[in-house]
Amino acid sequence: MAAVFAAWIMVTILVLVLEAAIVMGGFQPTLKLDRRIPLVSHEFDLSRLRERDRLRHGRLLQSSGGVVDFPVQGTYDPFLVGLYYTRLQLGSPPKEYYVQIDTGSDVLWIGCSSCNGCPESSGLRIELNSYDPESSSTSSLISCSDPRCNAGLQSLDSGCSGQGNQCSYTFQYGDGSGTSGYYVSDLLHFDTILEGSMTANSTSPITFGCSMLQTGDLTKSDRAVDGIFGLGQQGLSVISQLSSQGTAPKVFSHCLKGSNGGGGILVLGEILEPNMVYTPLVPLQPHYNLDLRSISVGGQVLSIDPSVFSTSSSRGTIVDSGTTLAYLADEAYDAFTDAITKTVSQTVRPVLSKENQCYLITSSVADIFPQVSLNFAGGASLILNPLDYLVQQNSIGGAAVWCIGFQKIQGQGITILGDLVLKDKIFVYDLASQRIGWTDYDCSMSVNVSANLNSGRTEFVSAGQMSNDGWSRDQLRNVIALLTPIILLFS
């Protein structure tokens, strides 16, 4: 008994000392977390990476309920990874799958057993798994008469074959790759963040694609993942399915970290930040289309006809996390690159490299290149610093070669905002209010999330990484609460 009492005295003193240290600013306990994606030449143990992910996503809930989040890996850098991906668990028993985070498509699909063209290994040093409906006790096929098949038919991606009465699909992506297969239903397993930084395992039935054929870049192993996590707003997207079940709100947010190996945050809910700006979604569009009104370079609005950015079946501005770089409408591209070149021509040497506008630079790009502003409806502007529109390519004679990361699709009027632009910012996709918001943010920091469910209840959660900047008082209490039984056990 005396030992137990002494242990409790020790814990109490530890709490008081740590809280006093934080208040006085004299001590900050830190947890060093490595978020770097190893290069191809680096070896790493997957179980250690999973453990780092678990520690990295320490959470602190501020009221009852729960919020769903997903770990994020990858980076925008096309010379390293060139994509962001997360990890899902599907089936019974649950099995892990790595899927690319893609706001430019709607459906979640996974490569299935007996798939033709599905890679068997990945240059990302992740273990690839194929989904086998027969190995899951909770799996079921989607028939042509199922209402969920009708939801896919409305988007013109689904079809019905006479063989087996199965609801099938075919997707073609902008890079020329494609996949086809059939729809299945199974359980999605995810962590719900509960009070006191604890998590609870939850499940929801979802419909997703079982890919039997892959073509184009999807067959390559250098950046291969198990599938694509379509986060669009159509009826078969996971966001729409979970919100219709009352499992998650009809809003999700991401913060994709651009430096130090990437990573970031993907959460079902609205990240709350005081500096967020919002612009309406263009209604009745299949993608996340925004109304881009003008572009400014160095504070000067470019002379581009506003009709260039108007939305139609062949025009518009799309937010797409599945695109690595960024693209400007053909009619706007030359005006954009010419304005940047004119601004820096006295300081750097402009060069062309494979039809890309590049520059030889011997100093910091941040000190030379102008700020760019994409101006949207409602007065919202997306501010791009030089690293948000430039990509370093190589070096020549001691000078670094930096190229404009915005590309153009010859003869097309589509503007696509990919990871180059989206990184190092919070992006909120508020489907309930039909708007998208953003703000600059250090995506290695924690974020506050609001999840307003169908019940009307609102949860607030602090989500993100336990960073090197130190722990909060409440986080210390939680750690000590976990240590207390261990102290008592050995007393």
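Everything quoted here is computed from the prediction, not taken from an experiment.
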Practice prompt. Carefully, step by step, assess V81 and L124 under the rule side-chain contact (heavy atoms from CB on, under 4.5 Å).
Written response: CA-CA 7 Å; V81 179; L124 300 178; 3.6 Å; yes
Discussion item. As a quick check of understanding, evaluate ring pair (Phe, Tyr, Trp, His ring centres under 6.0 Å) for F406 and Y327, giving each step before the final call.
Written reply: CA-CA 5 Å; F406 276 82; Y327 294 82; 8.6 Å; no
Item to complete: Evaluate the side chain to side chain donor-acceptor pair (under 3.5 Å) criterion for residues Q371 and N385: first the C-alpha distance (whole Å), next the side-chain angles of each, then the deciding distance (0.1 Å), finally the verdict.
Response: CA-CA 5 Å; Q371 196 175 72; N385 293 313; 3.2 Å; yes
Worksheet item: Where do Y84 and H254 land on the side chain to side chain donor-acceptor pair (under 3.5 Å) test, with the steps shown first?
Response: CA-CA 11 Å; Y84 290 90; H254 61 62; over 6 Å; no
Worksheet item: Is there a side-chain contact (heavy atoms from CB on, under 4.5 Å) between S296 and L302 once you walk through the steps?
Response: CA-CA 6 Å; S296 302; L302 303 183; over 6 Å; no
Practice prompt. Could you walk me through whether Y183 and F208 pass the ring pair (Phe, Tyr, Trp, His ring centres under 6.0 Å) test, one step at a time?
Written response: CA-CA 6 Å; Y183 285 111; F208 60 96; 9.1 Å; no
Worksheet item: So S294 and N375, side chain to side chain donor-acceptor pair (under 3.5 Å) or not? Walk me through it.
Response: CA-CA 5 Å; S294 65; N375 307 310; 3.0 Å; yes
Worksheet item: After noting the C-alpha distance and the side-chain angles of S204 and T247, does the key distance pass the side chain to side chain donor-acceptor pair (under 3.5 Å) rule?
Response: CA-CA 8 Å; S204 283; T247 303; 3.1 Å; yes
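Remark: the D102 side chain and the S105 side chain contain an N/O donor-acceptor pair separated by less than 3.5 Å. Donor-acceptor pairing under 3.5 Å is recorded for the side chains of Q393 and S353. Side-chain contact, S307 with S310: no donor N or O sits under 3.5 Å from an acceptor N or O. For Y131 and D186, the side-chain atoms include at least one donor-acceptor pair closer than 3.5 Å. Under the 3.5 Å distance criterion, with hydrogens and angles disregarded, no donor-acceptor pair is assigned to the side chains of T215 and S177. A donor-acceptor contact closer than 3.5 angstrom is absent between the side chains of N129 and E96. Side-chain contact check for T179 and S211: at least one donor-acceptor pair (N or O, by modelled atom type) lies under 3.5 Å. A donor-acceptor contact under 3.5 angstrom links the side chains of D442 and S444, judged on distance only.
Between the Q233 side chain and the H287 main chain, a donor and an acceptor come within less than 3.5 Å of each other. Here the side chain of T279 pairs no donor or acceptor atom with the backbone of G378 at under 3.5 angstrom. In this structure, S321 contributes its side chain and I101 its backbone to a donor-acceptor pair below 3.5 Å. Under the 3.5 Å distance criterion, the side-chain polar atoms of Q241 are matched with a main-chain donor or acceptor of L236. Here the side chain of S122 pairs a donor or acceptor atom with the backbone of A224 at under 3.5 angstrom. Within the 3.5 Å criterion, the main-chain N or O of A366 finds a donor-acceptor partner in the side chain of S364. No side-chain donor-acceptor contact under 3.5 Å links T341 to the backbone of D338. Proximity of a side-chain donor or acceptor of T75 to a complementary backbone N or O of G261 within less than 3.5 Å is not detected.
Contact check for V428 versus I436: no side-chain heavy atoms found under the 4.5 Å cut-off. Residues T323 and I416 have side chains in contact (heavy-atom distance under 4.5 Å, counting atoms from C-beta outward). For the pair L382/D388, no side-chain contact is recorded, criterion being any heavy-atom separation below 4.5 Å from C-beta on. By the 4.5 Å heavy-atom criterion applied to side chains, F171 and V107 are counted as neighbours. T343 has its side chain out of reach of S345: every pair of non-hydrogen atoms, C-beta onward, lies at least 4.5 Å apart. Taking 4.5 Å as the limit, some side-chain heavy atom of W438 sits within range of a side-chain heavy atom of F376. Within the 4.5 Å cutoff, no side-chain heavy atoms of T317 are placed close to those of D291. Put simply, the side chain of L128 reaches to within 4.5 Å of the side chain of P119, judged on heavy atoms.
With ring centers used as reference points, Y288 lies under 6.0 Å from Y429.
Expressed to the nearest 0.5 Å, how far OG1 of T415 lies from NZ of K408 amounts to 12.5 Å. Interatomic distance, I426 CD1 to M276 CE, rounded to the nearest 0.5 Å: 6.0 Å. Taking CD1 of I126 as the start and CZ of R223 as the end, the distance is 12.0 Å to the nearest 0.5 Å. Expressed to the nearest 0.5 Å, how far CG of L108 lies from CD1 of I206 amounts to 5.0 Å. To the nearest 0.5 angstrom, D226 atom CG is 9.0 Å from W109 atom CH2. F309 contributes atom CZ, which lies 14.0 Å from atom CG of N289 (distance to the nearest 0.5 angstrom).
Between K220 and D222 there is no salt bridge, since no side-chain N of the basic residue sits under 4.0 Å from a carboxylate O of the acidic one. Between E273 and K425 there is no salt bridge, since no side-chain nitrogen of the basic residue lies less than 4.0 Å from a carboxylate oxygen of the acidic one. Between D424 and K257 no salt bridge is recorded (no basic side-chain N to carboxylate O distance below 4.0 Å).
Looking at residues two or more places apart in sequence or on another chain, you find a salt bridge (Lys or Arg N to Asp or Glu O under 4.0 Å) between D430 and R435.
Shortest non-hydrogen contact noted between S243 and S240 is OG-O, 3.0 Å. Of all heavy-atom pairs spanning P249 and G269, the tightest one is CG-CA, 3.8 Å. Across Q234 and Q285, no two heavy atoms sit closer than the pair NE2-O, 4.0 Å. Across all their heavy atoms, V68 and V267 have their closest contact at O-CG2, 3.2 Å. What you find for D419 and L83 is that their closest heavy atoms are OD2-CA, 4.2 Å.
In the displayed structure, Q434 atom CD is contacted under 6.0 Å by more than 12 heavy atoms of other residues, nucleotides or ligands. Enclosure of atom CG in L284 is not indicated, since only 12 or fewer non-hydrogen atoms of other residues, nucleotides or ligands lie within 6.0 angstrom.
Legend: salt bridge (Lys or Arg N to Asp or Glu O under 4.0 Å) pairs involving residues 279-288, not counting sequence neighbours: none detected.
Sulfur-sulfur distance for C443 and C255: below 2.5 Å, consistent with a disulfide. Under the 2.5 Å cut-off for SG-SG separation, C115 and C118 qualify: their sulfur atoms lie closer than that. Between C167 and C149, the sulfur-to-sulfur (SG-SG) separation falls under 2.5 Å.
Geometric assessment of K423 against the ring of Y76 yields a positive cation-pi assignment under the 6.0 Å and 45° thresholds.
Taking the six-membered ring where tryptophan is involved, the planes of F369 and Y389 are perpendicular, since the angle between them exceeds 60° and thus also 30°.
A side-chain contact (heavy atoms from CB on, under 4.5 Å) with C210 is found for one member of S130, P133, S114 and no other, namely P133.
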